[in-house]
Amino acid sequence: MPADLHEKMDRYEGLLADALAEADPVAPEGTPLDDAAVEYEEMARSYLEDGRHFREHDDPVNALAAFSYGHAWLDAGARIGLFDVPESGHLFTV
């Protein structure tokens with residue numbers, strides 16, 4: 001079981017990092033939607049950092065949870081149109 005947990009942790013960290021690299025904010029600057037896009041991206045980056053912190057401290061359960069939550073923020077932002085993202089592939093559910 002631990003090998004499965006570590007594999008998932010690695011996979012979700014990569015998924016979140018790749019998704020962050022692909023998500024481009026699209027709302028006009030200075031608008032409430034732009035503010036929301038900034039907040040969603042900050043949350044995703046914070047969860048990526050948190051997950052890496054948990055990984056360094058040998059806490060794969062919380063690392064996996066953090067990577068998953070971070071990706072959920074980006075995916076939700078993409079779903080409501082805050083980000084331009086690839087529509088094909090495995091990074092987003094749009």
Side-chain angles (χ1 to χ4, degrees):
M1 178 86 172
D4 292 335
L5 177 60
H6 286 278
E7 184 276 327
K8 283 183 179 181
M9 179 182 62
D10 292 343
R11 186 164 27 103
Y12 278 76
E13 179 183 11
L15 183 67
L16 176 52
D18 291 347
L20 275 164
E22 292 292 327
D24 293 318
V26 294
E29 283 189 41
T31 66
L33 288 176
D34 181 52
D35 294 342
V38 168
E39 184 177 356
Y40 275 56
E41 186 175 1
E42 284 177 359
M43 291 299 292
R45 288 193 188 285
S46 292
Y47 275 116
L48 180 61
E49 291 173 16
D50 290 349
R52 289 176 172 166
H53 170 82
F54 289 130
R55 172 199 288 276
E56 289 173 11
H57 289 87
D58 199 29
D59 187 351
V61 171
N62 282 319
L64 176 59
F67 296 143
S68 298
Y69 289 146
H71 190 267
W73 276 94
L74 276 185
D75 210 28
R79 189 75 122 146
I80 62 173
L82 298 178
F83 302 106
D84 181 31
V85 298
E87 291 187 21
S88 61
H90 66 286
L91 293 178
F92 297 95
T93 59
V94 292

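Scanning both residues, Tyr47 and Ala66, for their nearest heavy atoms gives CB-O, 3.2 Å. Nearest heavy-atom pair, Ala78 versus Phe92, reported as atom, atom and distance to 0.1 Å: CB-CD2, 4.0 Å. Between Leu74 and Ala23, the closest heavy-atom pair is CD2-CB, 4.2 Å. What you find for Leu16 and Ala44 is that their closest heavy atoms are CD2-O, 3.9 Å. Residues Glu29 and Asp34 come closest through the heavy atom pair CA-OD2, 3.6 Å. Nearest heavy-atom pair across Leu64 and Lys8 is CD1-O, 3.7 Å.
For the atom pair Leu82 CG and Asp24 CG, the distance stands at 12.5 Å (nearest 0.5 Å). To the nearest 0.5 Å, atoms CZ (Arg11) and CG (Asp4) are separated by 9.5 Å. Expressed to the nearest 0.5 Å, how far OG of Ser46 lies from CD of Glu41 amounts to 10.5 Å. Atom-to-atom distance recorded for Asp59:CG and Met9:CE is 9.5 Å, nearest 0.5 angstrom. With rounding to the nearest 0.5 Å, the separation of OH in Tyr12 from OH in Tyr69 is 12.5 Å. In this structure, the separation between OH on Tyr40 and CD1 on Ile80 is 4.0 Å, given to the nearest 0.5 Å.
Using a distance-only test at 3.5 Å, with no hydrogens or angles considered, no donor-acceptor pair links the side chain of Asp35 to the main chain of Gly30. Put simply, the side chain of His71 never gets that close to the backbone of Ala17: no donor and acceptor are under 3.5 Å apart.
Hydrophobic cluster membership is shared by Trp73 and Leu33, with clusters built from Ile, Leu, Val, Met, Phe, Trp and Tyr side chains linked at under 4.5 angstrom.
A salt bridge is absent between Glu56 and Arg52; no separation between the charged side-chain nitrogens and carboxylate oxygens falls under 4.0 Å. Under the 4.0 Å criterion applied to side-chain N and carboxylate O atoms, Arg45 and Glu49 are not assigned as salt-bridge partners.
Phe67 is listed as a side-chain neighbour of Leu48, based on a closest heavy-atom distance under 4.5 Å. For the pair Glu22/Val85, no side-chain contact is recorded, criterion being any heavy-atom separation below 4.5 Å from C-beta on.
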